[in-house]
Amino acid sequence: MSDLVIGGVTIPAGKTVQIEMPVVRLYTDTDICMPVHVIRSKKPGPTVFVSAAVHGDELNGVEIIRRLINQKSLRLTSGTLILVPMVNVYGVLNQSRYMPDRRDLNRCFPGSSKGSLAGIVANTFLTEIVSHCQYGIDLHTGAIHRSNLPQIRANLKDAETRLLAEAFGVPVLLNASLRDGSLRQAAVENGTKVLLYEAGQALRFDELSIRAGVRGITNVLTKLNMLSSRLQRRPTKRQPVTPFIANTSNWTRASVSGIVNNLKNLGDMVQIGDPLAKIGSPFGELFGTVVSNRAGIIIGKQNIPLVQEGDAMFHIAYFTEEDQEIVDNIETMQDILMPEKIPSFDEIK
Ligand SMILES: [Zn+2]
């Protein structure tokens with residue numbers, strides 16, 4: 001197996017290393033580095049990247065990667081795993097989705113070594129990390145004050161991508177087209193198959209989303225024969241979560257401005273005409289009810305109980321399968337991942 005070079009550091013087969021990959025210096029005359037953790041098996045196999053915080057305020061993925069690194073069972077039986085917990089280090093420093101030049105890094109790929117700050121960071125990530133990889137998992141959350149039900153977005157028309165998306169094991173898969181300038185688009189053009197995991201909200205840790213992410217990545221690595229399946233957790237009596245595919249989704253918007261009382265939550269099934277939320281005045285007067293205009297499952301939701309007319313409130317995915325089954329699977333996922341109390345950090349380690 002040939003040597004792998006990242007950020008000028010050579011990583012031989014069988015070694016685990018942490019690299020501080022230099023990116024653009026700060027104007028305070030301070031070096032800034034993208035942290036990279038590489039695990040290489042002695043045995044040849046696929047190279048996979050897992051990235052988080054391409055949007056600097058999306059922190060669930062940072063915690064997912066920390067837990068993966070601490071997992072005792074994470075001994076690769078083949079291949080190479082490249083973990084990048086903070087791609088947009090500048091955004092993480094500022095607790096902001098964006099780059100300091102106000103650009104969205106996930107719209108600046110492939111970038112260029114002579115481009116804008118965001119373009120240089122995108123280009124560095126692409127050439128130093130993605131170019132080595134046959135597969136990648138990019139971890140995201142909802143925007144600030146918006147929660148997402150754990151879901152995978154990917155090009156499900158590609159048979160292998162779909163197989164890996166199903167292996168991840170979350171109840172909802174979204175067949176999502178590629179966004180211009182996104183990491184996913186640039187990676188796919190490099191020939192890398194990418195899953196995008198969306199769960200929870202920005203600037204918060206969401207325990208269910210973190211656990212579903214850790215388990216999902218472990219499942220994908222097992223599917224790629226990079227982890228021995230006997231190291232997997234003991235099988236539970238419950239059926240594994242079967243994912244369902246949504247080809248379309250839409251945001252339901254506020255019909256009037258006012259104070260919100262939600263009637264539905266993430267993971268709920270809704271029918272056409274179902275009331276989703278009531279909107280009223282500060283004096284208790286009811287202004288209107290937001291209703292669902294199609295049947296589906298709520299996969300995203302805004303959390304601030306104040307809306308202006310036109311604000312996006314509920315993200316609803318539409319399925320061709322039986323909705324009740326999907327809801328049952330969402331509950332199964334919650335039961336498997338959150339059986340009782342939330343353990344402390346030491347217990348998780
Ligand atoms: Zn994001």
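FYI, the numbering just counts along the sequence from 1. Only this structure's heavy atoms are used, side chains among them; waters, hydrogens and symmetry mates stay out.
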Report yes if some heavy atom in the side chain of [X] is under 4.5 Å from a heavy atom in the side chain of [Y]; otherwise report no.
X    : Y    : result
L105 : V87  : yes
S292 : F314 : no
I336 : Q334 : no
V270 : L276 : yes
L126 : F109 : yes
S41  : M226 : no
C133 : I82  : yes
V54  : N88  : no

| message | For a side chain to side chain contact (heavy atoms under 4.5 Å, CB included) check, start with the C-alpha distance between E198 and I299, then their side-chain angles and the critical distance, and finish with the verdict. | response | CA-CA 10 Å; E198 275 278 359; I299 59 164; over 6 Å; no

Does a donor on one side chain sit under 3.5 Å from an acceptor on the other, for [X] and [Y]?
X    : Y    : answer
D57  : Q95  : no
Q201 : N303 : yes
H55  : D104 : yes

Is it true that [X] and [Y] have a side-chain N and a carboxylate O under 4.0 angstrom from each other?
X    : Y    : answer
D29  : R25  : yes
K193 : D158 : yes
D180 : R107 : no
E207 : R67  : yes

Can you name the nearest heavy-atom pair linking [X] to [Y], along with the distance?
X    : Y    : result
A199 : N60  : O-ND2, 3.0 Å
R75  : L227 : O-CD2, 3.6 Å
R253 : V290 : O-CG1, 3.9 Å
G14  : K42  : CA-CG, 3.6 Å
A122 : C108 : CB-O, 3.6 Å
N148 : G300 : OD1-CA, 3.7 Å

Output yes when a side-chain donor or acceptor of [X] lies under 3.5 Å from a complementary backbone atom of [Y], and no otherwise.
X    : Y    : result
D311 : Q308 : yes
N155 : L178 : no
S131 : E128 : no
Q18  : H37  : no
S112 : N123 : no
T192 : V188 : no
N106 : L183 : yes
N175 : L156 : yes
Q134 : T47  : yes
N261 : A277 : no

Let me confirm one number: the [atom1]-[atom2] distance from [X] to [Y], rounded to the nearest 0.5 Å.
X    : Y    : atom1 : atom2 : answer
H145 : R204 : NE2   : CZ    : 7.0 Å
L149 : N265 : CG    : CG    : 10.0 Å
I245 : N247 : CD1   : CG    : 7.0 Å
R184 : L195 : CZ    : CG    : 9.0 Å
E166 : N219 : CD    : CG    : 12.5 Å
I65  : L139 : CD1   : CG    : 5.5 Å

Can you hop from [X] to [Y] via hydrophobic side chains spaced under 4.5 Å?
X    : Y    : answer
I304 : L203 : no
I32  : M99  : yes
L337 : Y197 : yes
M313 : Y318 : yes
L196 : I152 : no

Test: R146 cationic atom under 6.0 Å from W251 six-membered ring centre, within 45° of axis
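Here R146 passes the 6.0 Å and 45° test against W251.
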
Inset, instruction - Could you go through the ring-ring contact (aromatic ring centres under 6.0 Å, His included) check for F125 and F49 one step at a time? - result: CA-CA 11 Å; F125 187 74; F49 77 83; 5.8 Å; yes

ask   = What do the steps show when you test L59 against F205 for side chain to side chain contact (heavy atoms under 4.5 Å, CB included), and what is the final call?
value = CA-CA 7 Å; L59 305 178; F205 278 169; 3.9 Å; yes

Please test I297 against I330 for side chain to side chain contact (heavy atoms under 4.5 Å, CB included), starting from the C-alpha separation and ending with a verdict. CA-CA 10 Å; I297 307 281; I330 292 167; 3.9 Å; yes

Between D101 and R103, does the salt bridge (Lys or Arg N to Asp or Glu O under 4.0 Å) criterion hold? Intermediate values first, please. CA-CA 5 Å; D101 62 3; R103 283 184 168 89; 3.2 Å; yes

Positive for side-chain contact (heavy atoms from CB on, under 4.5 Å) with V220, one of I137, V50, V48, L163 |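 Between V220 and the candidates, side-chain contact (heavy atoms from CB on, under 4.5 Å) is satisfied uniquely by I137.
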
Partner of L81 under side-chain contact (heavy atoms from CB on, under 4.5 Å), chosen from L224, I217, V38, L74
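For L81, the side-chain contact (heavy atoms from CB on, under 4.5 Å) check succeeds only for L74.
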
- Query: Can you check side chain to side chain contact (heavy atoms under 4.5 Å, CB included) on M21 and V84, steps first, answer last?
  - Reply: CA-CA 10 Å; M21 189 168 76; V84 187; over 6 Å; no

